[in-house]
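Note that the coordinates shown come from a computational prediction; the quantities given were computed from them, not determined experimentally. Letters go in sequence order (proteins before strands), and every chain restarts at 1.
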Protein chains: 2
Amino acid sequence: MARKTGSDGKKTATDLRAAATALFAKHGFAAVSMRQIAQKVGVQAGALYLYTPNKQALLFDIMQQHLDGLLGAWETEKLPDSATPLAQLQRFVSFHIHYHLDRADEVFIAYMELRNLLPENLATISETRRRYELVLEGILAAGQKTGDFQISDCKLSSYAIIAMLTGMTTWYRDQGRLSLAEIEQVYQGLVYGAVSGAKTKS
Amino acid sequence: MARKTGSDGKKTATDLRAAATALFAKHGFAAVSMRQIAQKVGVQAGALYLYTPNKQALLFDIMQQHLDGLLGAWETEKLPDSATPLAQLQRFVSFHIHYHLDRADEVFIAYMELRNLLPENLATISETRRRYELVLEGILAAGQKTGDFQISDCKLSSYAIIAMLTGMTTWYRDQGRLSLAEIEQVYQGLVYGAVSGAKTKS
DNA sequence: CTACCCATTGAACAAGTGTTCAGTTAACCT
DNA sequence: AGGTTAACTGAACACTTGTTCAATGGGTAG
């Protein structure tokens, strides 16, 4: 046996990414072997090296593709700069929730496996992530300027809000107690309250 | 060479926990070998098995000790139930921030290595964590009842707040732009706003 | 001084690791 | 029909993995 009937390099390449993503998310990068991935793809381990130079590159590609997709999707879904900061913020919250829930595995990997990246790859990924954080930071700063938001520190607040939103992926389940629309409402309220300041000062 | 001069079982046992904690946090459970841990302790790998039955138990012990310590510390630091919900919440935020920042490695492990636990161990850990989440959920429910807080869903809000606070550990550095006291102020404000509702409804 | 225990070594075990490569076959092109 | 290329196998490489255990020497009580 060598080449299989109906084999297709393009398909195997995407299957590889999909299998690796699922396994890395479930067990962690270091705990998954190339042979496990190969089995999931339905191929011998050696064949994987036609589609990735090595295991590390596989991890890096998955992360980078995810973050590029995230930034790209935001560019097409964001409101124009002329919109009010509050409207932009609401759009961001909604976008972040939906994009992340639809890609729970990739999100998990992008947040958990940073320490398994080579220093050079880590630098690239960190920079891309920083660009995304700056999106929210920019919205907060705009609202701070117009007086719509009461924020003591835009950078910290953006970190806090992103952490809060991303945390959803760890507990969200389809068929849970609340619908996704209800959950989004709760989070919109929390974020709105956090940036608007409270009625009375403590 | 067999026994070393000045050797002490009690000390080696605590050294083992410390070394494993540091290494697991830095590289991840699966990426760290017993030989690496042994080297950090200053001992051969075989000797570790006098102090832990296996690698898995080592991970479980570290997590369980951390979560038990967290719950225990809260019991001694929390305000009496007679205190106002807002005061209790502020105490919780302050406690959570300080306790977690002082134990960045343990926190990291407790959140990242859940998937490397055996199912039975995972169940135990999850239950302990749930008890901690219920602390905050209880405070929020109390404030909801008195009307001090405007919260649409206590469970979700507790998840969101804990995620927001715990996220700090991923970026906080001593000697950063802001002092810890300043950071705490920012977070107190964000949490207060989130639970108090905003001035105007969107 | 002797006997015992505690703490440790160092080698060994079987299994698994990422990665390479000569060989083999299916699919496509002429 | 024949040749070329793309896709893949299966074995091999040198190492690392978690874990066990007989052997060994320091520390201490009698």
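Each of A:Phe29 and B:Lys10 lies near DNA chain C, and the nucleotide nearest B:Lys10 is the one positioned closer to the 5' end.
Side-chain atoms of A:Val43 lie closest to D:dT9 of the nucleotides C:dG10, D:dT9, C:dG18. Which of C:dT17, D:dG18, C:dG18 sits closest to the side chain of B:Tyr49 comes down to D:dG18. Comparing C:dT9, D:dC8, D:dG18 by their nearest atom to the side chain of B:Ala47 picks out C:dT9.
The CD atom of B:Gln44 sits 14 Å away from the C1' atom of D:dT24 (whole-angstrom rounding). The CE atom of A:Met34 sits 21 Å away from the P atom of D:dC13 (whole-angstrom rounding). In this structure, CG of A:Asp15 is placed 14 Å from C1' of D:dA7, rounded to the nearest angstrom. For A:Lys11 and D:dA6, the NZ to P distance is 20 Å, given to the nearest whole Å. If you take OH of A:Tyr51 and P of C:dG18, they are 19 Å apart, rounded to a whole angstrom. One interatomic measurement links the two molecules: CG of A:Leu48 to P of C:dT19, which rounds to 10 Å at whole-angstrom precision. Computed from coordinates, the B:Ile37 CD1 to D:dT16 P distance equals 17 Å when rounded to whole Å. One interatomic measurement links the two molecules: CG of B:Leu16 to P of D:dG18, which rounds to 13 Å at whole-angstrom precision.
A cation-pi arrangement is not found for B:Lys78 relative to B:Phe92, the charged atom failing to lie both closer than 6.0 Å to the ring centre and inside a 45° cone about the ring normal.
Between the side chains of A:Ser94 and A:Glu184, at least one donor N or O lies within less than 3.5 Å of an accepting N or O.
Counting only residues at least two apart or on different chains, no salt bridge (charged side-chain N to carboxylate O under 4.0 Å, His left out) pair has a member in residues 22-36 of chain B. Under the salt bridge (charged side-chain N to carboxylate O under 4.0 Å, His left out) criterion, the residue pairs touching residues 154-178 of chain A are A:Arg177-B:Asp153, with sequence neighbours excluded. Listed by first and then second residue, the salt bridge (charged side-chain N to carboxylate O under 4.0 Å, His left out) pairs involving residues 57-67 of chain A are A:Arg17-A:Asp61 (not counting sequence neighbours).
Within a heavy-atom distance below 4.0 Å of DNA chain C, the residues of residues 52-64 of chain A found are A:Asn54, A:Lys55.
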Contact list (N/O, under 3.5 angstrom) for nucleotides 11-16 of chain C vs protein:
from, atom 1, to, atom 2, distance (Å)
C:dA12, N6, B:Arg35, NH2, 3.4

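In this model, the phosphate group of C:dT8 is approached by a side-chain N or O of B:Thr12 to a distance below 4.0 Å at OP1 or OP2.
Between B:Arg130 and B:Glu137 there is a salt bridge, since a side-chain N of the basic residue sits under 4.0 Å from a carboxylate O of the acidic one.
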Can you list the steps and then say if B:Ile97 with B:Leu180 is a side-chain contact (heavy atoms from CB on, under 4.5 Å)?
CA-CA 9 Å; B:Ile97 288 176; B:Leu180 180 50; 4.1 Å; yes
Step by step, work out the side-chain contact (heavy atoms from CB on, under 4.5 Å) result for B:Cys154 and B:Gln144.
CA-CA 8 Å; B:Cys154 289; B:Gln144 192 180 40; 3.2 Å; yes
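Residues satisfying the salt bridge (Lys or Arg N to Asp or Glu O under 4.0 Å) test with A:Arg115, not counting sequence neighbours, are B:Glu113.
Contacts of B:Val32 with the nucleic acid, taken as non-hydrogen atoms under 4.0 Å apart, involve only primed sugar atoms and P, OP1 or OP2.
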